[in-house]
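A quick write-up on the structure given underneath.
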Amino acid sequence: MKILILGVNGFVGSHLVERVLRETSWEVYGMDLGSHKVAEFLDNPHFHFVEGDISISKEWIEYHVKKCDVVLPLVAIATPKVYVTDPLRVFELDFEENLRIIRQCVKYKKRVIFPSTSEVYGMCPDTEFDEETSCLVTGPIPMQRWIYSTSKQLLDRVIWGYGFRDGLKFTLVRPFNWMGPKLDSLNTAKEGSSRLVTQFAWNLFNGEPLKLVDGGSQRRCFCDVEDAMDGLMAVLRNEGGKADGRIFNIGNPGNDHSVKDIAEMMVEIWKDHPFRLERGTPLSEIVEESSGTFYGKGYQDVLVRTPSIRRMEETFGFKPKIGIKEALRKSLDFFVEEHKAMEKIVETE
Ligand code: UDP
């Protein structure tokens with residue numbers, strides 16, 4: 001099988017390439033702006049990487065959509081701070097650029113696996129979000145945060161429509177707070193615009209306070225990326241065509257924690273971490289900050305977000321296994337190693 005991954009150097013793309021190369025003999029064609037997260041695979045004869053921007057390298061993409069069997073358009077902005085500060089960039093990249101690729105999949109009759117998001121459920125009141133019955137509830141227009149949720153939702157609906165009208169073979173996958181090594185880049189953490197676990201890791205690494213937005217009682221279900229990849233690989237393998245025309249939440253409802261719990265657990269792990277003790281980094285405090293100060297006034301939060309993973313369980317036997325403490329420890333350790341390596345590069349320059 002030949003698979004095309006656009007945004008292969010991102011969090012999901014880089015972990016997926018690792019699994020595909022380790023577990024299959026498929027050919028992977030990948031494009032991204034950079035390659036640092038996939039550097040270790042560049043010499044693998046089954047991995048064909050090209051540096052490029054999906055809004056510019058249109059011919060390369062069309063040629064490879066035609067050539068491959070499955071397309072994963074993973075390029076997207078997925079960090080809440082940017083939804084508030086630059087909503088049009090989110091729309092242009094996450095919706096417009098991806099729509100073009102979806103239309104090529106329709107034209108060349110290729111299977112597409114589209115990364116939807118748990119954000120599409122928004123402020124849905126259901127205790128567990130179900131792919132086919134839960135309502136998708138977002139806020140008013142001045143709350144710019146919802147641009148991401150609604151851009152993804154519209155593309156979900158367009159893909160569904162192409163399946164209905166033209167027989168497009170598709171699967172929509174909804175990640176629920178996947179976390180692990182390579183989640184966000186150093187620059188976004190520096191600017192305070194990383195996702196939660198990376199942001200807290202950066203704060204701990206620098207002895208800065210961990211900020212609980214609006215008190216930190218909001219809850220998320222965190223899913224370790226290894227468990228997430230078990231799910232995504234099952235979808236990609238698509239045995240018996242069981243993933244065709246379907247929507248799947250992929251997450252770990254067992255790791256349901258408040259932001260405050262996460263802060264406390266990360267401080268606890270960091271307290272005795274050899275790297276902190278060796279450097280004598282002061283232990284961060286946990287403070288509260290309003291969402292208006294942290295994100296700006298177009299932010300509105302999701303207070304609880306729990307996936308139903310019944311469809312993944314029944315269809316593929318999916319069972320996430322990695323508990324929150326192990327997942328946090330893995331993330332922190334990776335973050336430390338990555339930053340130690342980066343400091344060394346800066347020193348020698
Ligand atoms: N958050 C926080 N402090 C931070 C970063 C995030 O309290 O330094 C909160 C944020 O307001 C949200 C939750 O943590 O309620 C998860 O944020 P994340 O960026 O991981 O993405 P989301 O799950 O909202 O898509």
Side-chain angles (χ1 to χ4, degrees), residues 11-12 76-85 87 90 94 115-124 129 136-139 143-153 174-180 182-185 188-225 228 249-253 255-267 270 284-307 324 327-328 331-332 335:
F11 172 53
V12 177
I77 292 167
T79 40
K81 186 122 184 180
V82 187
Y83 313 159
V84 177
T85 55
V90 174
D94 295 22
S116 176
T117 169
S118 55
E119 277 265 327
V120 294
Y121 298 103
M123 300 177 291
C124 174
F129 298 161
L136 311 180
V137 184
T138 58
M143 294 304 182
Q144 300 187 162
R145 185 237 166 89
W146 300 110
I147 191 80
Y148 175 68
S149 171
T150 50
S151 295
K152 285 281 190 182
Q153 183 193 151
R174 298 201 169 135
F176 277 68
N177 288 83
W178 293 1
M179 57 164 286
K182 307 183 185 177
L183 179 59
D184 292 296
S185 76
T188 59
K190 252 190 211 160
E191 292 160 6
S193 65
S194 277
R195 282 166 282 191
L196 182 69
V197 174
T198 320
Q199 194 57 53
F200 282 175
W202 170 257
N203 298 143
L204 289 167
F205 188 82
N206 291 291
E208 296 166 354
L210 273 54
K211 294 177 180 167
L212 305 178
V213 171
D214 292 338
S217 64
Q218 60 277 41
R219 305 183 76 81
R220 296 289 187 274
C221 294
F222 295 89
C223 182
D224 188 274
V225 68
N249 293 335
I250 301 183
N252 186 348
N255 285 339
D256 182 350
H257 294 279
S258 70
V259 168
K260 190 164 178 234
D261 292 340
I262 298 295
E264 287 170 355
M265 282 189 264
M266 288 183 78
V267 168
W270 191 239
S284 302
E285 333 162 67
I286 299 175
V287 300
E288 293 187 11
E289 189 162 301
S290 74
S291 53
T293 312
F294 193 89
Y295 287 111
K297 65 177 166 44
Y299 184 74
Q300 189 168 25
D301 214 334
V302 172
L303 298 183
V304 273
R305 176 192 284 167
T306 310
I324 190 68
L328 289 173
S331 278
L332 255 175
F335 190 90

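Just so you know, ligand 1 is whichever comes first in the structure, and atom 1 is the first atom listed for that ligand. Computed from a predicted structure; not experimentally measured.
Every residue two or more places apart in sequence or in another chain that forms a side chain to side chain contact (heavy atoms under 4.5 Å, CB included) with Gln144 is listed here: Pro87.
Phe294 carries Lys81 over the face of its six-membered ring, with the cationic atom under 6.0 Å from the centre and within 45° of the normal.
In this structure a side-chain-to-backbone donor-acceptor pair under 3.5 Å is present from Ser149 to Glu119. Between the side chain of Asp184 and the backbone N or O of Arg195 there is at least one donor-acceptor pair closer than 3.5 Å.
The aromatic rings of Tyr121 and Phe176 sit tilted relative to each other, their planes meeting at an angle between 30° and 60°.
Within 4.0 Å of ligand 1, protein heavy atoms come from Pro80, Glu119, Arg145, Asn177, Arg195, Leu196, Gln199, Phe200, Lys211, Leu212, Val213, Gln218, Arg220, Val259, Phe294, Tyr295, Tyr299, Asp301, Arg305.
Here the CG atom belonging to Leu303 is positioned 8.0 Å from the CZ atom belonging to Arg220, to the nearest 0.5 angstrom.
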